[in-house]
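Worksheet: one structure, shown below.
Being a predicted model, the structure only gives us computed values, none of them experimental. Letters A, B, ... mirror the listed sequences (proteins, then strands); counts begin at 1.
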Amino acid sequence: MPEGHTVHRIARQFARDFVGHRVAVSSPQGRFAQGAALLDGRELLTSAAVGKQLFLGFEGGHVLRVHLGLYGAWDFLGVVSPLVDGGGAVASLGAPRVRRSVRMGEGEREGDEGAEAEDFPPEPVGQVRVRLATEQTVADLRGPTACEVLDPAATAAALARLGPDPAVEDDVRARMADPHAVAAATGGAAHVEPGETDPAVADAVASGPGTAADVMVQRLTARGTAVGQLLMDQAVVAGIGNIYRAELLYRARLDPHTPGKRVPAETARALWDDWSVLLADGIATGVMLTREDLDEAGRAAALRDPAQRHWVYGRGGEPCRTCGTPVVVEEMAGRKLYWCPTCQR
DNA sequence: TGGAAATGTCTAG
DNA sequence: TAGACCTTTCCAC
């Protein structure tokens, strides 16, 4: 059940342990047999996340696009490198080592330590849609909403549907969105007409740094739709899910029902800036900790205890941490929305 | 053992 | 807006 930060961590894990390796690709469950056959034995050249989607670029111009949806997850088994500059549970383990499992997606957790070498590679457990394997490391994918092999043109089209993501450098995004560059980088042929590159990215790149924020502000303030819905719209801004949505709105003291058109540009910009901070923190720790009021001890406690991590998310009926008003939980576009009717006015 | 819920998205009506 | 889809986990019975 990932939001954007988790997918960025997954992309980094693949960059550490799979990029540069020839990868055995299989579908133990059988539902991805054709795609697996297409990728099997190819070298993985690139690993990138945009919003909640993962793009793995293989030699030959094939890109594996994965969206975990509500309950998809990757399990990493065998030798799993710590995310050294990422901090959090994985990085704290130090040097690469044999671990039974590091699960990413459905709430990360550490696996049991000390598996024997002869356990590798382990038998797939449950409904494993895809298994990627190097000599030392296995990644098992379960329950994704999307799992498909794309050519460079389809990759560009998938990227074009996504709004800006603060954790994606403009140049990285532009290279990924440029089908010719993707083709060159992955050794494949480009089959895309000029002009198919994501216009948002083209704007951002053409106008220089900082304009990804402008794209988000423009898209958020252009429509009469409730800001609570717009933040979940991946074409407006990529990577925000139900938890970050509720918490960002609370931190901005913004009523989720406010139409986008009535959100001042500076407020929209502040939402982008705050999202950038929360996302970077989430990528670093692997935990969605959205309370900025905690001291060091409180933060450490919240990292251990999920009940302490949020201002309003998951706290329907409980007193607001600021004013004591019961937190409201309601349905917005089919998802549960948590907010404080006193603070967010 | 069965049902509901979960950090999501798409399509039909 | 309702329903479908993907999978696992937890809780009530």
Side-chain angles (χ1 to χ4, degrees), chain A residues 1-11 27-33 35 49-54 64-75 88 101 103-109 111 124-131 139-148 154 157-163 165 167 225-226 228-251 256 275 278-279 281-283 285-291 302-303 306-317 329-339:
Chain A
M1 297 168 266
E3 298 195 20
H5 71 299
T6 302
V7 185
H8 280 283
R9 287 176 65 85
I10 291 165
S27 178
Q29 179 198 50
R31 292 186 49 178
F32 188 65
V50 177
K52 301 170 189 172
Q53 307 202 26
L54 176 71
L64 177 62
R65 180 183 79 94
V66 173
H67 193 306
L68 293 176
L70 197 51
Y71 37 68
W74 284 99
D75 276 343
S101 168
R103 179 162 233 208
M104 303 182 83
E106 194 198 353
E108 295 175 46
R109 61 184 184 232
V125 176
Q127 297 294 311
V128 177
R129 182 78 57 87
V130 184
R131 165 168 283 196
D140 283 344
L141 171 65
R142 292 183 182 78
T145 285
C147 175
E148 58 182 354
L159 288 165
R161 289 191 287 271
L162 295 170
D165 174 339
T225 306
Q229 277 181 252
L230 289 169
L231 285 181
M232 298 274 280
D233 183 339
Q234 302 300 301
V236 171
V237 53
I240 296 175
N242 206 18
I243 296 180
Y244 279 133
R245 178 262 295 267
E247 296 295 293
L248 283 164
L249 290 169
Y250 182 84
R251 287 158 64 102
W275 168 227
L278 287 182
L279 178 58
D281 189 66
I283 293 171
T285 64
V287 173
M288 280 190 274
L289 175 50
T290 53
R291 290 176 60 191
L303 286 172
Q308 301 300 317
R309 289 178 192 165
H310 308 308
W311 285 106
V312 290
Y313 178 82
R315 302 190 61 246
V329 54
E330 65 181 64
E331 289 263 324
M332 179 181 270
R335 305 299 302 281
K336 282 188 176 175
L337 167 69
Y338 301 85
W339 64 294

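Remark: P of B:dG8 and CD of A:Gln53 are 13 Å apart, rounded to the nearest angstrom. One can place CE of A:Met332 at 15 Å from P of B:dG8, the figure rounded to the nearest angstrom. Rounded to an integer number of Å, the gap from CZ of A:Arg335 to P of C:dG3 is 17 Å. Residue A:Leu68 contributes atom CG, which lies 14 Å from atom C1' of C:dT8 at whole-angstrom precision. For the pair A:Lys336 NZ and B:dA6 P, the computed distance is 4 Å after rounding to whole Å. Per the geometry, NE2 belonging to A:His5 stands 11 Å off P belonging to B:dG8, to the nearest Å. Distance CE (A:Met232) to P (B:dT9): 7 Å, rounded to an integer number of Å. Atom OH of A:Tyr244 and atom C1' of B:dG8 are 16 Å apart (whole Å).
Side-chain proximity of A:Gln127 to C:dT7, B:dT9, B:dG8: nearest is C:dT7. Picking from C:dT7, B:dG8, B:dA6 the nucleotide with the shortest atom distance to the side chain of A:Arg129 gives C:dT7. Counting only heavy atoms from C-beta on, A:Lys52 has its side chain closest to B:dG8 among B:dA6, B:dG8, C:dT7. Taking every side-chain heavy atom of A:Glu3 into account, B:dG8 is the closest of B:dT9, C:dT8, B:dG8.
Under 3.5 Å, the side chains of A:Gln29 and A:Arg129 contain a donor-acceptor pair of N or O atoms.
Across B:dC10 and C:dT8, the matching P atoms stand 23 Å from one another, rounded to whole Å. Of the P atoms belonging to B:dA5 and C:dC13, the separation is 14 Å, rounded to the nearest Å.
Considering only residues two or more places apart in sequence or on other chains, A:Tyr244 meets the side-chain hydrogen bond (donor to acceptor under 3.5 Å, both in side chains) condition with none of them. For A:Arg65, the side-chain hydrogen bond (donor to acceptor under 3.5 Å, both in side chains) test picks out A:Gln53, A:Glu148, with sequence neighbours left out. The salt bridge (charged side-chain N to carboxylate O under 4.0 Å, His left out) check on A:Arg245 picks up nothing, with sequence neighbours excluded. In terms of the side-chain hydrogen bond (donor to acceptor under 3.5 Å, both in side chains) criterion, residue partners of A:His310 (sequence neighbours excluded) are, by chain and number, A:Thr290. Partners of A:Trp275 under the side-chain hydrogen bond (donor to acceptor under 3.5 Å, both in side chains) rule, at least two apart in sequence or in another chain, do not exist in this structure.
Only A:Arg142, A:Gly143, A:Thr145, listed by number, bring a heavy atom of residues 140-147 of chain A to less than 4.0 angstrom from any atom of DNA chain C.
Among the protein residues, A:Arg31 comes within range of the sugar-phosphate backbone only, with heavy atoms under 4.0 Å from sugar or phosphate atoms but none that close to a base. If you check every strand for non-hydrogen atoms under 4.0 Å, A:Glu247 touches nothing.
For the residue pair A:Pro2 and A:Val7, the shortest heavy atom distance occurs at CB-CG2, 4.4 Å.
Residue A:His67 places at least one side-chain N or O closer than 4.0 Å to OP1 or OP2 of B:dT9.
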